[in-house]
Amino acid sequence: MIADHSIEITGKDVAALGEVAAHFNPGTAVNVTYLGNESLSVRIEACRAARGHGFRPVPHLAARRITGEAELRQFLSALREVGANEEVFVIGGDPAEPHGPYGDALALIRTGLLQEYGVRHVGITGYPEGHPHIDDSALWDALEHKIAAATEQSMQVSVTTQFGFNSETVIQWIELVRGRGITVPIRVGVPGPASIQRLLGYARRFGVKSSAGIVGKYGISLTRLVGSAGPDRFIDSLAGRLTPDHGPVLVHFYTFGHPAATAAWVSARKERIR
């Protein structure tokens, strides 16, 4: 699962890529987020830096943040110039109201512009715990329609899930995905090692369930909110439940601003299992 992992960074994390490179294999996928407070040039430079360190940049496209076709073309063209256009990750984005004509990831995929600019692989989001503002039936419809739209344009597809603390919920969701005949690779979103306060803060921000029972299995005590926590228990539990029937399942690490800590954890984990 971790042999072909991916990680996520923001433009602010570029300085740490050199340290990260010492731990990761060449060609490791590095997702570059699409934050509202970062400019096009920051995102492009992050992709360029990832490529320069031997990684495979996977830029995010946030549909509701893009003002129109001209801006989308500008971004895709800039990605092509730095060799970061073959694989992208398409999300809806945070704004409650779209900044332009793209109300969700599906609308952006259906433009046909991704394929026009050389995109060969599209990553999309999965929600094992559901979404705080979207009902489950709509989530399933969106997942199936996005896969169909990308496949019709001869693009490969993979699904990366929102992070969580409950491996059992993830396994159940994967089984539901496979039960619908969806065979694309799934990357399970996993929190990289971080302070407990930071982990719980991001969980609240993204609507991730974090009851005492759930986080207790992960290794977090809500009565002792000091120190840090890593994904060891989660990874062990997930790996122990997976079978060939679950199809291709890999790991995607959310680094929460500390990619070097995640890199060190992955490196140590690989040493232990050799």
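These numbers come from a predicted model, not from an experiment. Heads up: numbering here begins at 1 and tracks the sequence.
Side-chain contact check for Ser158 and His121: at least one donor-acceptor pair (N or O, by modelled atom type) lies under 3.5 Å. Glu8 and His252 share a donor-acceptor pair across their side chains, judged by distance under 3.5 Å alone.
Contact annotation: the side chain of Phe234 approaches that of Val190 to within less than 4.5 Å [non-hydrogen atoms, C-beta and beyond]. No side-chain heavy atom of Thr33 sits under 4.5 Å from any side-chain heavy atom of Phe89. Side-chain contact between Ser228 and Pro193 is absent, with no heavy atoms from C-beta onward closer than 4.5 Å. Annotation: side chain of Arg43 is in contact with side chain of Phe75 (closest heavy-atom distance under 4.5 Å). A 4.5 Å side-chain heavy-atom check between Val58 and Val30 finds every atom pair outside the cut-off. Residues Thr161 and Trp173 have side chains in contact (heavy-atom distance under 4.5 Å, counting atoms from C-beta outward). Side chains of Thr160 and Thr125 form no contact here, defined as non-hydrogen atoms less than 4.5 Å apart. When side chains are defined from C-beta on, Val20 does not count as touching Thr255, because their heavy atoms never get closer than 4.5 Å.
For the residue pair Phe165 and Ala203, the shortest heavy atom distance occurs at CE1-CB, 3.8 Å. Nearest approach of Val14 to Ala49, heavy atoms of both residues: CG1-CB, 3.6 Å. Counting all heavy atoms, side chain and backbone alike, Gly130 lies closest to Asp136 at CA-OD1, 4.0 Å. Closest approach of Gly103 and Pro98 over heavy atoms only: CA-CG, 3.9 Å. Summarising the geometry of Arg187 relative to Val251, their closest heavy-atom pair is NH1-O, 3.3 Å, with the distance given to 0.1 Å. Closest approach of Leu200 and Ser210 over heavy atoms only: CD2-CB, 4.1 Å.
Classified by interplanar angle (parallel below 30°, tilted 30° to 60°, perpendicular above 60°), the ring pair His5/Phe253 is perpendicular. A parallel orientation is assigned to the rings of Phe256 and Tyr254, their planes being inclined by less than 30° (bins at 30° and 60°).
Annotation: cation-pi geometry not satisfied between Arg65 and Tyr34 (NZ/CZ under 6.0 angstrom from ring centroid, within 45° of ring axis).
At least one donor-acceptor pair under 3.5 Å links the side chain of Thr111 to the backbone N or O of Leu108. Between the side chain of Asp104 and the main chain of Ala107, a donor-acceptor pair closer than 3.5 Å is present. In this structure a side-chain-to-backbone donor-acceptor pair under 3.5 Å is present from Glu129 to Lys209. No donor-acceptor pair closer than 3.5 Å links the side chain of Arg48 to the backbone N or O of Gly52. Judged purely by atom type and a 3.5 angstrom limit, Arg198 has no side-chain atom pairing as donor or acceptor with the backbone of Gly257.
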Begin with the C-alpha distance, continue with both residues' side-chain angles, and end with the deciding distance and a verdict on salt bridge (Lys or Arg N to Asp or Glu O under 4.0 Å) for Asp236 and Arg241. CA-CA 9 Å; Asp236 289 341; Arg241 295 280 304 277; over 6 Å; no

Output side-chain donor-acceptor pairs under 3.5 Å for residues 142-154, partner residues at least two apart or in another chain, one line each.
unit_1 : atom_1 : unit_2 : atom_2 : d
Glu144 : OE2    : Arg180 : NH1    : 3.1
His145 : ND1    : Asp141 : O      : 3.2
Thr151 : OG1    : Ile147 : O      : 2.7
Gln153 : NE2    : Ile109 : O      : 3.0
Gln153 : NE2    : Ala149 : O      : 3.2

